[in-house]
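Okay, structure first, notes after.
Computed from heavy atoms alone, side chains included, the values below leave out hydrogens, waters and symmetry copies.
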Amino acid sequence: MIGVYMFGGILLLLIVVVVFAAIRSSVPDPGEGRQLTQVELRDVALEALRELEFDYQTGKLPEEEYQTLRAELGLAAVRAREAVERTRTPRTAEKASGSGDKVTCRVCGTEVVPEANFCAACGAPREAPA
């Protein structure tokens, strides 16, 4: 009779160990994260903007906090979009211009990538070329 109890106890212990090992292996380790691609960063930034807008429209955020977060997330989205554009199209602006003229933002004075439509620092739209 004791043999049956010992066998049952060992079997129960084995089942618990196997189930625990399966659960532990299915949970991803946060330290094993990978770098997000530029497209994924852009998508994350746009989704954050959508969530922010929804939270504001439903009254979860006050006006001041919404404006601050909107500016920060908008800038992150613009930077991510410009990074995606830079990776998709080769830089030909210097070849096209011949001189490699530098373009600066009319709002903050930061140097702007020639093929960018917006300033990466402040998000202001770039003036149309004359």
Side-chain angles (χ1 to χ4, degrees):
M1 189 70 161
I2 292 178
V4 172
Y5 289 126
M6 285 181 62
F7 178 73
I10 292 172
L11 186 61
L12 180 65
L13 182 64
L14 183 62
I15 291 172
V16 168
V17 168
V18 168
V19 169
F20 180 73
I23 291 172
R24 182 165 168 90
S25 68
S26 68
V27 176
D29 184 11
E32 294 179 2
R34 62 176 178 79
Q35 291 283 13
L36 295 176
T37 65
Q38 296 296 338
V39 174
E40 290 171 330
L41 287 173
R42 180 200 61 197
D43 293 345
V44 166
L46 292 176
E47 183 62 29
L49 279 170
R50 283 188 209 102
E51 289 291 326
L52 179 69
E53 186 67 30
F54 178 76
D55 287 346
Y56 176 68
Q57 294 296 327
T58 57
K60 294 180 182 178
L61 288 174
E63 176 76 25
E64 303 81 31
E65 188 174 348
Y66 168 74
Q67 293 297 335
T68 303
L69 291 172
R70 175 82 169 97
E72 292 173 6
L73 289 174
L75 178 59
V78 167
R79 286 181 177 167
R81 191 191 76 195
E82 288 179 349
V84 168
E85 288 175 1
R86 280 194 302 270
T87 59
R88 287 189 178 167
T89 58
R91 296 184 127 196
T92 57
E94 289 183 11
K95 293 177 185 175
S97 67
S99 62
D101 295 331
K102 294 183 180 182
V103 180
T104 58
C105 176
R106 60 182 165 81
V107 176
C108 68
T110 306
E111 184 177 336
V112 179
V113 178
E115 53 279 332
N117 294 326
F118 296 92
C119 174
C122 69
R126 197 178 132 208
E127 291 180 354

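A pairwise comparison of heavy atoms in Val112 and Phe118 identifies CG1-O, 4.1 Å as the closest pair. Of all non-hydrogen atoms in Ala77 and Leu49, the two that sit nearest each other are CB-CD1, 3.8 Å. Across every non-hydrogen atom of Arg42 and Ala80, the tightest pair is CA-CB, 3.6 Å.
To the nearest 0.5 Å, atoms CD (Glu72) and CG (Leu75) are separated by 8.5 Å. Rounded to the nearest 0.5 angstrom, Leu12 CG and Tyr5 OH are separated by 14.0 Å. Within the model, atoms SG of Cys122 and CZ of Arg106 stand 8.5 Å from one another, a figure rounded to the nearest 0.5 Å. The distance from the CG atom of Leu41 to the CZ atom of Arg79 is 13.0 Å, given to the nearest 0.5 Å. The CZ atom of Arg50 sits 14.0 Å away from atom CG of Asp55, with the distance rounded to the nearest 0.5 Å. Expressed to the nearest 0.5 Å, how far CD of Gln57 lies from CG of Leu52 amounts to 10.0 Å.
Under the side-chain hydrogen bond (donor to acceptor under 3.5 Å, both in side chains) test applied with Gln67, the options Glu65, Glu64, Glu63 reduce to a single match, Glu63. A side-chain contact (heavy atoms from CB on, under 4.5 Å) with Ile15 is found for one member of Val18, Val19, Leu13 and no other, namely Val19.
Side-chain heavy atoms closer than 4.5 Å link hydrophobic residues (I, L, V, M, F, W, Y) into clusters, and following such links, possibly through other members, connects Tyr66 to Leu73.
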